[in-house]
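Order of the sequence lines sets the chain letters (A, B, ...), proteins ahead of strands, with each chain counted from 1. Quantities reported herein were computed from a predicted structural model and do not represent experimental measurements.
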Amino acid sequence: MSHIDDAKARLDAIGRHQDEVVEAATRGRHRGWDAAGAAAAWAAIASLDVRLSEALGLVAVVGAMAVALVCFTLAGRRGRAVVHRSRMTGRTWLVLGVAMVVAAGGAFGAVRLIERLDVPFGHTILGGVAVAVMALTSEAVNRAAFRRRRS
Amino acid sequence: MTTPHGFDELIHPPTRLALMSMLAATEWAEFVLLRDTLKLSDSALSKQVSTLVDAGYARIEKHGAGRRRRTLVSLTPEGRAAFDGHVAALQALVNQAPLTRSED
């Protein structure tokens with residue numbers, strides 16, 4: 001094998017190993033904190049079913065969402081590895097940004113629909129569905145966000 | 001034969017390069033995660049990590065106690081610079097870039 005072929009093989013191996021460890025870091029998030037975050041996110045949406053004043057309702061939603069965010073951050077920090085900031089490319093932010101916009105838009109649309117249909121405990125059901133969808137898609141979104149395309 | 005500037009013989013062996021690649025993509029990684037991903041034994045990985053620590057390329061931190069004890073491995077700034085230099089050297093070899101110097 002020539003030096004150039006060897007260098008190409010090593011560069012391919014570097015990319016492959018970096019993708020492997022990023023995937024392992026995504027899978028290796030702290031399950032306890034992730035579960036706590038999911039519960040807080042569910043509580044935030046479910047709190048819309050509770051009859052509260054507008055201000056108190058807003059505090060409940062924002063507060064529970066803030067708790068969820070802290071829990072999800074801790075799940076990453078207490079995981080088995082933390083992805084280095086050098087992996088946060090424009091593509092990473094684009095994928096994460098699009099995922100956030102889609103999630104927020106979907107949640108907003110679903111909340112409006114539930115309020116129009118007046119389903120009993122509709123927000124609680126919606127929160128459960130949202131958390132389930134998030135759990136099912138988060139790994140794939142993270143993988144798409146952090147994976148480097150190799151030529 | 002010319003060696004591109006930044007080529008690092010310490011990093012180049014496949015197992016060590018794999019380990020450095022993983023550490024470069026992370027702020028830190030658990031020893032267990034590295035061991036499982038690289039499919040190495042504890043002692044084999046320990047040896048590779050020690051070589052990097054001795055060279056000043058990596059550092060080890062131990063947290064917790066008992067069953068919660070975690071060993072975290074991370075690259076030092078010198079290790080990260082050496083890895084980046086080595087990748088650039090490999091890239092230069094592939095591109096056959098003129099940024100080469102004669103081997104001593």
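Distance alone, capped at 3.5 Å, places no donor-acceptor pair between the A/W42 side chain and the A/V131 backbone. Looking only at distances, no side-chain donor or acceptor of A/D6 sits under 3.5 Å from a matching main-chain atom of A/S2. B/H86 places a side-chain N or O within 3.5 Å of a backbone atom of B/D8 that can act as its donor or acceptor partner. A donor-acceptor distance shorter than 3.5 angstrom exists from the side chain of A/T92 to the backbone of A/T89, with no hydrogens or angles considered. In terms of modelled atom types and a separation under 3.5 Å, the side chain of A/R31 and the main chain of A/A75 share no donor-acceptor contact. Judged by distance alone, with hydrogens and angles left aside, the side-chain atoms of A/R78 form no donor-acceptor pair with the main-chain N or O of A/R29 at under 3.5 Å.
Of the residues considered (B/A29, B/A89, B/S21), B/S21 shows the highest number of contacts with chain A, using heavy-atom pairs under 4.5 Å. Note on B/L17, B/L75, B/T37, B/L38: by heavy-atom pairs under 4.5 Å with chain A, the leading option is B/L17. The candidate with the highest count of non-hydrogen atom pairs below 4.5 Å against chain A, out of B/L23, B/L34, B/L90, B/L72, is B/L90. For the options A/E20, A/R87, A/R10, A/Q18, heavy-atom pairs under 4.5 Å to chain B are most numerous at A/R10.
Contacts of B/A24 with chain A are made by both backbone and side-chain atoms, with heavy-atom separations under 4.5 Å. If you measure heavy-atom distances from A/A25 to chain B, the contacts under 4.5 Å come from the backbone alone. Only the side chain of B/F83 has a heavy atom closer than 4.5 Å to any heavy atom of chain A. When heavy atoms are compared at a cutoff of 4.5 Å, B/V73 does not approach chain A at all.
Within residues 49-64 of chain B, no residue has any heavy atom closer than 4.5 Å to a heavy atom of chain A.
Between B/H12 and B/F7, the angle of the ring planes lies from 30° to 60°, which puts this pair in the tilted group.
Interatomic distance, B/S41 OG to B/K47 NZ, rounded to the nearest 0.5 Å: 9.5 Å.
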Please evaluate residues A/R27 and A/E139 with respect to the criterion salt bridge (charged side-chain N to carboxylate O under 4.0 Å, His left out), reporting the C-alpha separation (whole Å), side-chain torsions for both, the decisive distance (0.1 Å), and the verdict.
CA-CA 7 Å; A/R27 284 195 309 270; A/E139 264 193 44; 5.6 Å; no

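At a threshold of 4.5 Å between side-chain heavy atoms, the hydrophobic network of Ile, Leu, Val, Met, Phe, Trp and Tyr places A/I45 and A/V61 in one connected group.
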